[in-house]
Asker: 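Sharing a structure with you now.
Scope of the values below: all heavy atoms of this structure, side chains included, with no hydrogens, waters or symmetry mates.
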2 protein chains.
Amino acid sequence: MNLHILENILAIEREGSITKAADKMYITQSAMNQQLLKLEEDLGIPLFTRSNRKMIPTYAGKIYIEAVKKILAIHNETYSRIRDIAEFRTGEISITHTPERGALNFTNVYPVFHEKYPGIVFKIYEARVKEMEKLLLDGTVSLAHVSVYKRNPEFEYVILGTEKVVLGVPVTNPIAELAGEKSWKKPPVIDTSLLSGQKFVMNDSSTLMRDIIDDIFKKNKVKPNVLFESVSTGTILSVVKNQIGLGCFPQSYVKPSKEMVYFSFGEALQWELCIAYRKDHYLSEPEKYYIEISKDVYDKGK
Amino acid sequence: MNLHILENILAIEREGSITKAADKMYITQSAMNQQLLKLEEDLGIPLFTRSNRKMIPTYAGKIYIEAVKKILAIHNETYSRIRDIAEFRTGEISITHTPERGALNFTNVYPVFHEKYPGIVFKIYEARVKEMEKLLLDGTVSLAHVSVYKRNPEFEYVILGTEKVVLGVPVTNPIAELAGEKSWKKPPVIDTSLLSGQKFVMNDSSTLMRDIIDDIFKKNKVKPNVLFESVSTGTILSVVKNQIGLGCFPQSYVKPSKEMVYFSFGEALQWELCIAYRKDHYLSEPEKYYIEISKDVYDKGK
DNA sequence: AAACGTTACGAATCGCGTAAGAATT
DNA sequence: AATTCTTACGCGATTCGTAACGTTT
């Protein structure tokens, strides 16, 4: 059944006549009549009482007409919304990032983006790196701000930059002497054999960071003394500053400090900061633009 | 465009695959695919991103799907309502009557009616007899409880009974002596020549009653002295009882009274109590039933 | 005679199924 | 090789317009 019949029914009611309604809708009386008769047959009840004077809706007709009005209202609104989307005037970019990292990046990128696409809203999901893959695969999210240690062949990655993992050591720890004056500028590579038995505030086992650290410690046969775990990089930093134990965090958190010094793990321990999306995902113009300015903002930030 | 596509779109989303959705909906993958492609072409934007893994709704797709859900909800509700109407389980009878008369009849008829058709509601319009014709003709109302003095060829009339017009005369008026003891049982016919110059409380000129009285007075060259007019039969009765003047009202208001006596105008002044409807109006089963029991109730009331 | 709804019929269009193609796993 | 979406093509159903018919004013 053709959708036009819905509008035509309303026309019949408005005009009070099949002939007049047909004229208004640019079809023949015959077609209009056939549409109405077929509809009435389908419903099993007349929608109008035929009077030579006028087409008058029956009780069923009134109910049907009310429904048609509601449906057409929804239909029209939906079509104009979708037309807006097609023209990038409105839309949604769903993106996921980790609680600590993404928000930072996002607040720098968003104002520039909003300039060009004021109608597009971001739907932000916070998730650990491991969960992000699920969100990308099931379509909950189209983009993910992610630190990549091991790539997944189902995804495409746009590299914003690389970041080393840094080891923070309290100044009161004997190891700290090996760091030199300006370790915050260029952290020297640590001799991992020194780390066995050291007290550590570890990243929570839900984090990618923890996987990576476990990985490198296992390779180098380091057995750390884990005091406790935390998902928060801030907590880890403050534990180190308070001379309680050693901790690992991304390079971007490094700042000159009197309470701690920094070491790196060399090339072995670094990851890529990426925006990831499914290989089969069609990138919309706004999404492409978001990725572009993310790269720009990251480069300027250096 | 076939309406089935709406349900099919939801199936594609649910199943995450055209093939599976097609199986569920008992059509071929090909047909399902063609429907989706055509719809997407019409909208000018894809509704799903094709992944070998899954069909994932795009942002536009999500919006479309939401709209479809709303539309199908309205559609289903409407169809079940209309099915109920077709089977007389629910419905509406729109009827008009005069403020004084109809309500009385209606309260007697309604309980019996409700027994058989509990789902049918009455939509009651109060109107003067003269306005009733408009309401019937424009379809606002399908039935009218009406007192018929002159028939209209556009309407069909079901006669419930006839009713004479009665003249009420205060006992203190000299004419009252002519009435005899039990005028409330059988009002004697008045000699209209006695009425010229008498004080009258007249029915309002919007009423059919007034037209009829004017008619008969003109024929008999009676020139009444009109004190004032009222639409309310109750007012007229109380004026007569208070010995202020004479008044006319339907026979059904006659009761034994110490303050007034009754006369009739003979055969000349009587009308038919009817239920009227447009000749081209299709009477539904409940409407037919309502008319039947109206007749029954009227007959018993006598 | 004019206006309007209904019906008959042929032509154009639409929608579906079969079957083959293309791409991915 | 198997699965899934896409495309080609032909058949059958649907829909529309022309035109005639029936009824009312």
Side-chain angles (χ1 to χ4, degrees), chain A residues 1-9 11-43 46-58 61 137 139 152-156 278-282, chain B residues 1-9 11-43 45-58 61 133 136-139 152-156 278-282:
Chain A
M1 195 178 63
N2 199 309
L3 276 177
H4 291 302
I5 196 170
L6 299 184
E7 287 162 6
N8 291 343
I9 288 293
I12 293 174
E13 190 222 4
R14 266 200 311 277
E15 304 294 329
S17 139
I18 290 179
T19 307
K20 286 175 193 158
D23 284 349
K24 292 265 178 187
M25 306 306 281
Y26 302 105
I27 59 172
T28 59
Q29 319 91 310
S30 176
M32 184 69 85
N33 187 53
Q34 289 174 58
Q35 284 184 11
L36 177 59
L37 290 179
K38 181 164 190 321
L39 178 59
E40 289 181 329
E41 194 190 333
D42 288 350
L43 290 168
L47 296 179
F48 291 89
T49 56
R50 273 71 166 173
S51 160
N52 287 318
R53 185 177 296 274
K54 216 180 164 187
M55 298 286 281
I56 297 169
T58 60
L137 286 176
N152 181 327
E154 294 200 87
F155 300 140
E156 202 69 54
R278 282 196 324 277
K279 275 189 178 161
D280 54 35
H281 176 70
Y282 165 76
Chain B
M1 195 178 61
N2 198 310
L3 275 177
H4 291 302
I5 195 171
L6 298 184
E7 286 163 6
N8 291 343
I9 288 293
I12 292 174
E13 189 221 6
R14 266 200 312 276
E15 303 294 328
S17 140
I18 290 179
T19 307
K20 286 174 193 158
D23 284 350
K24 292 265 178 186
M25 306 306 280
Y26 304 103
I27 59 171
T28 60
Q29 316 92 312
S30 177
M32 185 69 86
N33 188 53
Q34 289 173 58
Q35 286 183 8
L36 177 59
L37 290 179
K38 181 163 190 322
L39 178 59
E40 289 181 329
E41 194 190 333
D42 288 350
L43 290 168
I45 197 170
L47 296 179
F48 291 89
T49 55
R50 271 71 165 173
S51 160
N52 286 318
R53 185 178 294 275
K54 216 181 165 188
M55 298 286 281
I56 297 169
T58 61
E133 297 204 347
L136 282 173
L137 286 176
D138 71 9
N152 181 327
E154 295 200 88
F155 300 139
E156 202 69 53
R278 281 196 323 278
K279 275 188 176 160
D280 54 33
H281 175 70
Y282 164 77

Asker: Could you note down all residue pairs passing salt bridge (charged side-chain N to carboxylate O under 4.0 Å, His left out) where residues 15-35 of chain B supplies at least one of them, sequence neighbours left out?
Answerer: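 Residue pairs passing salt bridge (charged side-chain N to carboxylate O under 4.0 Å, His left out), neighbours aside: none found.
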
Asker: Do the side-chain N or O atoms of R50(A) get closer than 4.0 angstrom to the phosphate oxygens (OP1, OP2) of dT24(D)?
Answerer: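 Negative; the distance criterion is not met.
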
Asker: Tell me: CG of D42(A) to P of dT14(D), nearest whole Å?
Answerer: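 Atom-to-atom, D42(A) to dT14(D), this comes out as 10 Å.
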
Asker: How would you list, by chain and number, every residue that makes a salt bridge (Lys or Arg N to Asp or Glu O under 4.0 Å) with E154(A), sequence neighbours excluded?
Answerer: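 R53(B).
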
Asker: With DNA chain D as reference, determine whether K38(A) or I18(B) sits nearer its 5' end, using the nearest nucleotide of each.
Answerer: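 Upstream on the strand: I18(B).
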
Asker: Under the rule for side-chain contact (heavy atoms from CB on, under 4.5 Å), what residues qualify as partners of S30(B), not counting sequence neighbours?
Answerer: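 Applying side-chain contact (heavy atoms from CB on, under 4.5 Å) to S30(B) gives T28(B), Q34(B).
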
Asker: Measuring only between side-chain heavy atoms, which start at C-beta, is E41(B) closer than 4.5 Å to L37(B)?
Answerer: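 Sidechains of L37(B) and E41(B): no contact.
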
Asker: Minimum heavy-atom separation for I9(B) and L47(B), please, with both atom names.
Answerer: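 Heavy-atom minimum between the residues: CD1-CD1, 4.5 Å.
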
Asker: Is it the case that the side chain of T58(A) and the backbone of T49(A) share a donor-acceptor pair, with hydrogens and angles ignored and the cut-off at 3.5 Å?
Answerer: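 No; zero donor-acceptor contacts below 3.5 Å.
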
Asker: Tell me, which of residues 27-34 of chain A have any heavy atom that sits under 4.0 Å from an atom in DNA chain D?
Answerer: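 Contacting residues: I27(A), T28(A), S30(A), A31(A), Q34(A).
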
Asker: In whole Å, I'd like the distance from the NZ atom of K20(A) to the C1' atom of dG5(C).
Answerer: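 About 13 Å, once rounded to whole Å.
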
Asker: Using whole Å, report how far CD of Q35(A) lies from C1' of dT6(C).
Answerer: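 Nearest whole value for this atom pair: 15 Å.
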
Asker: Quick one: bend of the helix from dA1(C)-dT25(D) to dT25(C)-dA1(D) from 5 pairs per end, to 10°?
Answerer: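 One end axis against the other gives 20°.
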
Asker: In whole angstroms, how far is the C1' atom of dT4(D) from the CD atom of E15(B)?
Answerer: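 Interatomic distance, CD of E15(B) to C1' of dT4(D): 15 Å.
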
Asker: Partners of E40(A) by salt bridge (Lys or Arg N to Asp or Glu O under 4.0 Å), sequence neighbours excluded?
Answerer: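 Once residues adjacent in sequence are excluded, the partners of E40(A) under the salt bridge (Lys or Arg N to Asp or Glu O under 4.0 Å) criterion are R50(A).
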
Asker: Contact between M55(A) and L36(A) at the side-chain level, heavy atoms closer than 4.5 Å - yes or no?
Answerer: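 Contact flag for M55(A)/L36(A) side chains = yes.
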
Asker: Rounded to whole angstrom units, what separation is found between the CG atom of L37(B) and the P atom of dT7(D)?
Answerer: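 Interatomic distance, CG of L37(B) to P of dT7(D): 6 Å.
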
Asker: Could you tell me the separation between the CG atom of L39(B) and the C1' atom of dC14(C), rounded to a whole number of Å?
Answerer: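 So the two atoms are 15 Å apart, to the nearest Å.
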
Asker: Please confirm whether the backbone N or O of F155(B) pairs with a side-chain atom of R278(B), one donor and one acceptor, at under 3.5 Å?
Answerer: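 Not at all, since once roles are kept as given, no pair shorter than 3.5 Å links the two residues.
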
Asker: Atom CD of E154(A) to atom P of dT24(C): distance rounded to whole Å?
Answerer: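 So the CD-P distance, E154(A) to dT24(C), works out to 13 Å.
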
Asker: Could you state the atom-to-atom distance from OH of Y26(A) to C1' of dG17(D) in whole Å?
Answerer: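 Distance, rounded to whole Å: 18 Å.
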
